[in-house]
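A quick write-up on the structure given underneath.
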Amino acid sequence: MTTQTRDAVTGIAHRRWARRLRAWRRWLVDAAVLAAVAAVAWIVLISSWLGVHTVLVKGTGATPDAAVVRAAAIAAGTPLARVDLTHVRARVEAIPTVASASVTRSWPNTIVVQVAERRPVATVFRDGSWRLLDSTGVIYLTTPARDPALPVVELDGLPGPQTLPQLAAVLKALPPDLLSRTGRLRAASMDSITLLLKDGRQVQWGSAAESAQKAAVLAVLLHGKAQAIDVSVPSHPATRP
């Protein structure tokens, strides 16, 4: 074999080895990438390195933080990425005093639960006990006794499903001075709401429509001596001794 032939054979062998080496390098790179992805997936989805160590509760007042943590029901060490935030929120919102909640991840080890609590606007006597009514018209909590700071709602007969939301809307619309003078609200339906003031006067309110205008008209009429006031049509109020 001549020198030229040997060089040609050697060159071919070198090129073959170079191609093989490049192929091996690509394979090694791909294998390294897959290994890295698998390691990251294991750390994030399986291991407790990025697991839940803390459930941080914000926004509570009447609701104990411990009750929120129990309702969230997240096992310690659960990988943060695998926590079903929607289910956690639903469990927290099932607490009677919670109106709404948001649940977020805070890496590396914390779930944050932000709570918005229900705010009572009145109290209702039902089934032998006092219960709180919130600003959306939901009866949500039984109390051992009546809260004297809240007006009492009295329902006549079997009012429709919109009666309590309408009553709550009226209470939300009352300015603080008028709200403080209101002892009871009576209703047989969503359109027949009556305010019973602490000084004995009665105010026929009607529905929750135009409540701001009704409140403004009533504020003026209360300066008189009328014991019965009708602001159900605020543009044409009426009074009786």
Side-chain angles (χ1 to χ4, degrees), residues 59 61-63 93-101 115-241:
T63 309
E93 289 180 345
I95 298 173
T97 53
V98 174
S100 64
V115 169
E117 293 183 310
R118 298 186 187 278
R119 302 298 180 189
V121 295
T123 186
V124 182
F125 192 74
R126 175 174 286 187
D127 300 328
S129 61
W130 290 100
R131 305 189 182 194
L132 298 180
L133 179 76
D134 81 347
S135 59
T136 66
V138 172
I139 295 175
Y140 67 96
L141 188 68
T142 300
T143 59
R146 177 197 165 193
D147 185 343
L150 297 174
V152 174
V153 166
E154 298 177 346
L155 301 175
D156 296 333
L158 296 174
Q162 289 302 311
T163 300
L164 287 176
Q166 289 283 300
L167 281 165
V170 170
L171 288 167
K172 286 176 62 178
L174 295 180
D177 60 330
L178 183 53
L179 182 60
S180 66
R181 299 173 70 172
T182 301
R184 295 176 180 267
L185 291 89
R186 182 177 297 153
S189 71
M190 59 182 288
D191 298 317
S192 62
I193 298 171
T194 300
L195 274 59
L196 306 176
L197 304 187
K198 293 176 181 178
D199 62 5
R201 290 192 275 187
Q202 295 190 15
V203 180
Q204 185 63 38
W205 197 269
S207 72
E210 301 180 284
S211 283
Q213 185 177 354
K214 292 174 182 178
V217 172
L218 179 59
V220 174
L221 296 178
L222 286 176
H223 291 295
K225 296 182 179 181
Q227 293 300 300
I229 301 172
D230 187 337
V231 293
S232 57
V233 182
S235 60
H236 296 84
T239 60
R240 296 193 307 275

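- Minimum interatomic distance between P234 and P237 (heavy atoms only, all atoms of both residues): O-CD, 3.4 Å.
- Under the side chain to side chain contact (heavy atoms under 4.5 Å, CB included) rule, L222 has a single partner from L197, D177, V217, which is L197.
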Open item on the list: Run the side chain to side chain contact (heavy atoms under 4.5 Å, CB included) test on L155 and R126 for me, step by step, so that the C-alpha distance in whole Å, both residues' side-chain angles and the decisive distance to 0.1 Å come before the verdict.
Closed with: CA-CA 10 Å; L155 301 175; R126 175 174 286 187; 3.5 Å; yes

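- H223 NE2 to L218 CG: the interatomic distance, rounded to the nearest 0.5 Å, is 10.0 Å.
- Heavy atoms of other residues, nucleotides or ligands lying less than 6.0 angstrom from NZ of K172 number 12 at most.
- V203 is not listed as a side-chain neighbour of L221, based on a closest heavy-atom distance of 4.5 Å or more.
- With a 4.5 Å cut-off on side-chain heavy atoms, L195 and V170 count as touching.
- Put simply, the side chain of P151 reaches to within 4.5 Å of the side chain of L171, judged on heavy atoms.
- Within the 4.5 Å cutoff, the side chain of E93 has heavy atoms near those of the S100 side chain.
- No side-chain donor-acceptor contact under 3.5 Å links T194 and Q202.
- When all heavy atoms are compared, the tightest approach of W130 to V152 is CZ3-CG1, 3.9 Å.
- The two residues S211 and W205 have their closest heavy-atom pair at OG-NE1, 3.2 Å.
- Here OG1 of T63 is found 3.5 Å from CD of E117. Values are rounded to the nearest 0.5 Å.
- Nearest heavy atoms, Q166 versus S207: OE1-CB, 4.0 Å.
- Using a 4.5 Å cut-off on side-chain heavy atoms (C-beta onward), T136 and R118 make contact.
- Note: K225 NZ to T239 OG1 = 13.5 Å, rounded to the nearest 0.5 Å.
- Shortest non-hydrogen contact noted between A208 and A169 is CB-CB, 3.9 Å.
- Shortest non-hydrogen contact noted between T182 and L178 is OG1-O, 2.9 Å.
- Counting heavy atoms from C-beta on, the side chains of L150 and L133 never come closer than 4.5 Å.
- How far OG of S232 is from CD of Q204: 6.0 Å, rounded to the nearest 0.5 Å.
- Judged by distance alone, the side chains of S189 and D191 never bring a donor and an acceptor atom under 3.5 Å apart.
- How far CE of M190 is from CG of L164: 11.5 Å, rounded to the nearest 0.5 Å.
- Taking CG of L196 as the reference point, atom CZ of R186 lies at 4.5 Å (rounded to 0.5 Å).
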